[in-house]
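Residues: numbered from 1 along the sequence shown.
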Amino acid sequence: MSLEKLVDISRYYGSNPDYVIAGGGNTSFKDESTLLVKGSGTNLGEIGPEGFVTMDRKKLNRIWNKQYPADEDTREAELVLDMMAARADTEGSRRPSVETLLHNILPFAYVVHTHPSLVNGFACSQKGEAAAKELFGDEYLWTPSINPGYSLSMAAKAVFDQHLARTGKTAEVIFLQNHGIFVGSDSIEGIKALYEKIIAVLEKKITRRPDFSGKTGVYKDSEEIARRLTACAGQNARVIFERNGEFIRFTRSLADFYPVSSAFSPDHMIYSGSDPLFIEIKDTQPLADQIRNAWKQHLDAIGIPPKIVAVQDRGIFGIGTSERNAALALALFTDSAKIAVYAEIFGGVRFMTRDKIDFINNWEVEKYRAQVNEGGR
Ligand SMILES: [Zn+2]
């Protein structure tokens, strides 16, 4: 059964943090008339048949012919309504994935979209596009950094159609700068073969693996710092500390922290925030004052509290409104650390641009997803 296979392949990639973390990624199956696509706010790793939304492809196709307002916020809001109306079963409240339009475009039975750390190693690097060409040739497509949702679907459709017109072939793989990858095939074996091929090429290319050895949850004054951070974040906040080989490297100095100092993709932003706070520690000043002052300065400058705090010569603190959210902040930061290490061979990291970061911070759809995830499961 196609739905069973769709559930299987979704869990296969969804339960592997090298491909997907928490609510990231989405999958679909389609025939002529219907598209089954992951519901927004559902985790791929634990998804069941009920986690998919059935879409009417005829109604989805109509969205392409409609004129939307130029203002992105208004357009996305209108689009959400049109997507909800394009569901085959409008009874349920479930919202289809924000990438449903792109799933609908790709002419393959199965489409699996993930955020592999290895792929993002070059997709979030300075030489990303050149690396994609060099490693994979012209058969695999590339889209520059684009806001998720309608804009991304439009851009991907354009490169896909151009490729088809030029070569007469449908592209099975699209790399998305500062985001991840879309892979399409008519069988799940085909999907797995494509992923395996891509990962094998990248495994051969990388020269250094991230070092998460020597992991510890307590170090020096980390417990006191965690208490101070909890006081800053509010009494219901949870703070989790981690120190490991890679975190030691990144927290030596503000300069060493640069490769993980901003957001690589929308997903990284949602779970670990766009602006981690780095606190330099001066032994001559009381620790409590240094933490409180750094927190206040950050709040004044950014306007939202940090989900990741890096403390010099200690390690990384994940902060959340629950234990789970604090752990998720750390999990996505850990993924950023992997990407930063892989990006070393592709000319160094490339973060999302500030306008893209601001767009996501304001984006109603992503806020919705963050809320759903915050609700716990
Ligand atoms: Zn994605």
Is the Lys NZ or Arg CZ of Arg75 less than 6.0 Å from the centre of Tyr68's six-membered ring, within 45° of the axis? no
Can you find a side-chain donor-acceptor pair between Thr42 and Arg94 that sits under 3.5 Å? yes
According to the salt bridge (Lys or Arg N to Asp or Glu O under 4.0 Å) rule, which pairs have a member within residues 226-236, sequence neighbours left out? Glu224-Arg228
Between atom CZ of Arg11 and atom CG of Leu6, what is the distance when rounded to the nearest 0.5 Å? 11.0 Å
For Arg166, enumerate each residue passing the salt bridge (Lys or Arg N to Asp or Glu O under 4.0 Å) test, keeping only those at least two apart in sequence or located in another chain. none
Check which hydrophobic residues are tied to Ile302 through side-chain heavy-atom contacts below 4.5 Å, counting indirect links as well, and list them. Ile304
Filter on salt bridge (Lys or Arg N to Asp or Glu O under 4.0 Å), then keep only pairs touching residues 119-147, sequence neighbours left out; what's left? Glu134-Lys205
Just say parallel, tilted or perpendicular for the rings of Phe108 and Phe160, cut-offs at 30° and 60°. perpendicular
If we count only N and O atoms by modelled type, under 3.5 Å, do the side chains of Tyr342 and Ser125 hold a donor and an acceptor together? no
What's in the same ILVMFWY side-chain cluster as Val218, cut-off under 4.5 Å, chained through other members? none
Below 3.5 Å, can you tabulate the donor-acceptor pairs from side chains in residues 171-182 to any protein atom, sequence neighbours excluded?
| residue | atom | partner | partner atom | Å |
| --- | --- | --- | --- | --- |
| Gln177 | OE1 | Ser145 | N | 2.8 |
| Asn178 | OD1 | Arg350 | NH1 | 2.6 |
| Asn178 | ND2 | Phe264 | O | 2.9 |
| Asn178 | ND2 | Arg350 | O | 2.9 |
| His179 | NE2 | His113 | NE2 | 3.1 |
| His179 | NE2 | His115 | NE2 | 3.4 |

Starting from Ile308, walk the hydrophobic network (Ile, Leu, Val, Met, Phe, Trp, Tyr; side-chain heavy atoms closer than 4.5 Å) and list everyone else you reach, by chain and number. Phe212, Ile240, Phe247, Phe250, Leu254, Phe257, Val260, Phe278, Ile316, Leu330, Phe333
Under 30°, 30 to 60°, or over 60°: which ring-plane class applies to Phe317 and Phe241, parallel, tilted or perpendicular? tilted
Please enumerate all residues that pass side-chain hydrogen bond (donor to acceptor under 3.5 Å, both in side chains) together with Ser213, with sequence neighbours excluded. Asp211
Can a salt bridge be assigned to the pair Glu32 and Arg57 using a cut-off of 4.0 Å between side-chain N and carboxylate O? no
Sorted by chain and residue number, the side chain to side chain contact (heavy atoms under 4.5 Å, CB included) partners of Lys58 (sequence neighbours excluded) come out as Asp56
Pairs where residues 103-117 contributes a residue and the test salt bridge (Lys or Arg N to Asp or Glu O under 4.0 Å) is met, not counting sequence neighbours: none
Can you run down the salt bridge (Lys or Arg N to Asp or Glu O under 4.0 Å) pairs that involve residues 21-31, sequence neighbours left out, and say none if there aren't any? none
Please say whether the positively charged group of Lys192, taken as NZ for Lys or CZ for Arg, lies over the ring of Tyr12, i.e. under 6.0 angstrom from the six-membered ring centre and within 45 degrees of the axis. yes
Any Thr251 side-chain heavy atom under 4.5 Å of Arg314 side chain: no
What residue pairs, at least two apart or across chains, pass side chain to side chain donor-acceptor pair (under 3.5 Å) with a residue in residues 327-341? Asp18-Lys338, Ser117-Asp335, His268-Asp335
